[in-house]
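Along the sequence shown, residues are numbered consecutively beginning with 1. Given the structure is predicted, the values throughout are model-derived calculations rather than measurements.
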Amino acid sequence: MFIHCCSCNFTSKSDLDISVWDITLTSCLLLEVIDLGQKQAIHNLRNLRNSKALLHRGNAEMNDDEYEGLWASFTNNIKEVAEKCESYFYSSICKDVDRLKNRSLEQWECYRAQECWKELKKVDDSLQSVVKQWTTSNLSEMKRDVEMENMYDYSTSCLKDHKEKIGTYVGPKRAINHSLKALEKYRFMVITEEAGSGKTRFGLELMSRMQKKTQNNIALILTECRQWSKLDFEKEYILFVDDLLGKSNANDSTFQGWSTTFDSMHKKLMNNRVIIIFALRNCIWHLMKDRLADYTLFRLLNSSNLPVDLSGMEFEITPEEKLEMLIRFCRFYNVILCNTTREEEVSFECSNNGPLRLSQKSLQIILNLDTTGGPIFM
C-alpha cells in the first residue's frame, strides 16, 4: 500500500510499458512514494548509474576486473532496493539478476543494441561534421582577421608617413581638384604616369583628402587581388591599388587575378560601399586599356572622367608648384636659401660646422633640369 494518496484527477493507464522508463524518472517517482529508510537505496543505485565509472565513463571498453567490480556494485544496489520490497519480490529479482550475468542476449536485444549503436554512430558523425565545420570556419575567420589587421596596419603606416612629410609635398593642383571631383561623382578613377612622376604619393594624397570628406570610410591599400574578398562590406572603404597590373611590365597572371574582382567592385561601387583609385604606368595602361574596357567598371571612364596622366601636359606639375616644392623641401631639411653663390660656396666648405645653404641661382638650375614631368616627392 502506497504511503501517499494521489489527489490528482488523472486516470492511470493500464497498458503503460514500464520497461522503457528512464531510471532517473523511475527513481524520482519511487522517492515520492517510499519511506525514508528505502530512499538511500534508491539514491545509491541512481548515483552508481550516473557515475563516471558507468554511464559517463566516456569509453565503452572495459576489462574483466573492472567489469566484475562494477557488476558486483550494481547488482548489490539493485538487490538492496528489492530487499525493501516484499520477500517474494526480492527473491525473484535476485534470481533474475544472477541469471542476467551469464545468459546470452536474445535476438530482440541484439537488434536493439545494433539500432542504438547506429544511432550513436550517426550522432557521432554529425557532431564530428559540426566540429569540423566550426573549426574550419573559426580558423578561416581568425586568418581573415589577421590579414585584415595586416592590411590596415600597412595602410595606416603609409598614410602616416605621407602625412608626416606633407610639408614637403606639393601636388599638382589641377590634377588634385579634377580627381576629387571625379571621385565624388563616379567614386572611381585611374591614375597614369611615367615612372617616377609621383602616382603613389598622389594616390595617398587623394586617399587622405577623401577620408576627411567621408569620415566613416576606412582607407586601405590593396597589394593583392585576393585581399578584395577579405573585406567586410558592412563597412565602407576608400581603396587604393598601386601598380595595378605590374610595376614595370604588364603581368598577365596579375591581370587574370584582378579581373575576377572587377565585376564585384563595380557592384559595390554602385551600392556606395567603396571608392576606388587605381594607379598604373602609362606604358601598361596603353597596352592593357582595351582589355580593361571589356569590364563594366572601366566603362565609368568617360570624357569627363578620363585617366589622370600626371606626366601629361594637362595635369603635370607647373613650374610654380615645382619651385614651391623645392622651397618646402629645403625648409623641411633645414637647408638655408641664400642670395649669392658665394654664401653657398662657403657653406659647402664649412658643411661640418653649420647648415647647408643653397643659392637662388642653384635653385633655378634644379628647376630647369630635364626631370620627370610629374610631382616628384622629395
Side-chain angles (χ1 to χ4, degrees), residues 169-214 217 219 221-222 225 228 237-251 254-255 258-259 261-322 371-377:
Y169 179 73
V170 178
K173 291 181 181 178
R174 290 175 299 175
I176 287 176
N177 292 336
H178 173 87
S179 300
L180 291 175
K181 289 178 182 177
L183 287 173
E184 288 177 3
K185 184 175 182 179
Y186 299 102
R187 303 178 69 86
F188 173 67
M189 68 164 295
V190 173
I191 307 165
T192 67
E193 50 102 61
E194 301 298 339
S197 293
K199 62 180 173 52
T200 301
R201 291 293 176 182
F202 185 75
L204 292 172
E205 179 66 11
L206 289 179
M207 286 183 78
S208 180
R209 295 200 185 197
M210 288 303 296
Q211 197 173 29
K212 288 179 181 178
K213 289 176 176 287
T214 56
N217 290 33
I221 300 171
L222 303 189
C225 59
W228 170 261
Y237 299 94
I238 304 169
L239 303 177
F240 176 42
V241 184
D242 197 11
D243 292 312
L244 175 67
L245 303 179
K247 288 185 176 294
S248 54
N249 298 304
N251 188 309
T254 303
F255 171 80
W258 280 109
S259 66
T261 69
F262 291 153
D263 289 339
S264 175
M265 285 182 172
H266 181 261
K267 183 178 179 181
K268 298 301 180 185
L269 204 72
M270 294 298 100
N271 292 333
N272 296 329
R273 308 310 299 177
V274 292
I275 296 171
I276 300 174
I277 305 167
F278 286 156
L280 306 88
R281 291 192 180 182
N282 272 335
C283 57
I284 296 177
W285 168 251
H286 290 299
L287 181 66
M288 303 296 290
K289 65 180 181 180
D290 289 338
R291 293 176 68 180
L292 291 170
D294 292 336
Y295 297 90
T296 310
L297 177 66
F298 287 88
R299 292 173 197 156
L300 294 172
L301 299 174
N302 51 44
S303 57
S304 58
N305 186 31
L306 292 171
V308 174
D309 182 2
L310 297 178
S311 52
M313 292 183 61
E314 184 178 3
F315 296 116
E316 68 180 352
I317 191 170
T318 64
E320 293 78 16
E321 290 168 342
K322 192 173 183 181
T371 59
T372 309
I376 303 170
F377 183 84

Looking only at heavy atoms, which two atoms of [X] and [Y] are closest? And how far apart?
X      : Y      : result
Thr254 : Leu244 : CG2-O, 3.4 Å
Phe202 : Ile176 : CE1-CG1, 3.4 Å
Lys289 : His286 : NZ-ND1, 3.6 Å
Ile277 : Gly203 : CD1-O, 4.3 Å
Tyr186 : Leu269 : O-CD2, 3.9 Å

Any pair counted as salt bridge (Lys or Arg N to Asp or Glu O under 4.0 Å), so long as it reaches residues 265-285, sequence neighbours left out: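 Passing the test, one end in residues 265-285: Glu236-Arg273.
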Qualifying salt bridge (Lys or Arg N to Asp or Glu O under 4.0 Å) pairs, either residue in residues 173-183, two or more places apart: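 Pairs touching residues 173-183 that pass the test: none.
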Rounded distance (nearest 0.5 Å) linking atom [atom1] of [X] with atom [atom2] of [Y]:
X      : Y      : atom1 : atom2 : value
Ser179 : Ile191 : OG    : CD1   : 6.5 Å
Phe262 : Cys225 : CZ    : SG    : 9.5 Å
Ile238 : Ile275 : CD1   : CD1   : 5.0 Å
Met288 : Leu280 : CE    : CG    : 9.5 Å
Asp242 : Leu222 : CG    : CG    : 11.5 Å

Residue list, salt bridge (charged side-chain N to carboxylate O under 4.0 Å, His left out) with Asp309, at least two apart or on another chain: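 Checked Asp309 against salt bridge (charged side-chain N to carboxylate O under 4.0 Å, His left out); zero matches.
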Steps toward side chain to side chain contact (heavy atoms under 4.5 Å, CB included) verdict (Met265, Trp258): CA-CA 10 Å; Met265 285 182 172; Trp258 280 109; 3.6 Å; yes
Main chain of [Y], side chain of [X]: is a donor-acceptor contact present, judged purely on distance under 3.5 Å?
X      : Y      : value
Arg187 : Val274 : yes
Thr214 : Asn217 : no
Ser264 : Thr261 : no

Is there a side-chain contact between [X] and [Y], using heavy atoms and a 4.5 Å cut-off?
X      : Y      : answer
Leu310 : Thr192 : no
Glu321 : Pro172 : yes
Leu206 : Met189 : yes
Ile221 : Met207 : yes
Tyr237 : Ile276 : no

Trace of the side chain to side chain contact (heavy atoms under 4.5 Å, CB included) decision for Val190 with Leu301: CA-CA 8 Å; Val190 173; Leu301 299 174; 3.8 Å; yes
Derivation of the side chain to side chain contact (heavy atoms under 4.5 Å, CB included) call for Leu245 and Leu292: CA-CA 11 Å; Leu245 303 179; Leu292 291 170; 4.3 Å; yes
Ring centroid separation Phe240 to Phe278 under 6.0 Å: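 Ring-ring flag for Phe240/Phe278: false, centres at least 6.0 Å apart.
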is_close_aromatic(His266, Tyr295), centroid dist under 6.0 Å: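 Centroid separation for His266 and Tyr295: 6.0 Å or greater.
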Under 3.5 Å side-chain donor-acceptor pair for Asn282 and Ser311: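 Yes - a donor-acceptor pair under 3.5 Å links their side chains.
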Lys/Arg N to Asp/Glu carboxylate O, Arg201 vs Glu205, below 4.0 Å: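 Salt bridge flag = no for Glu205 with Arg201.
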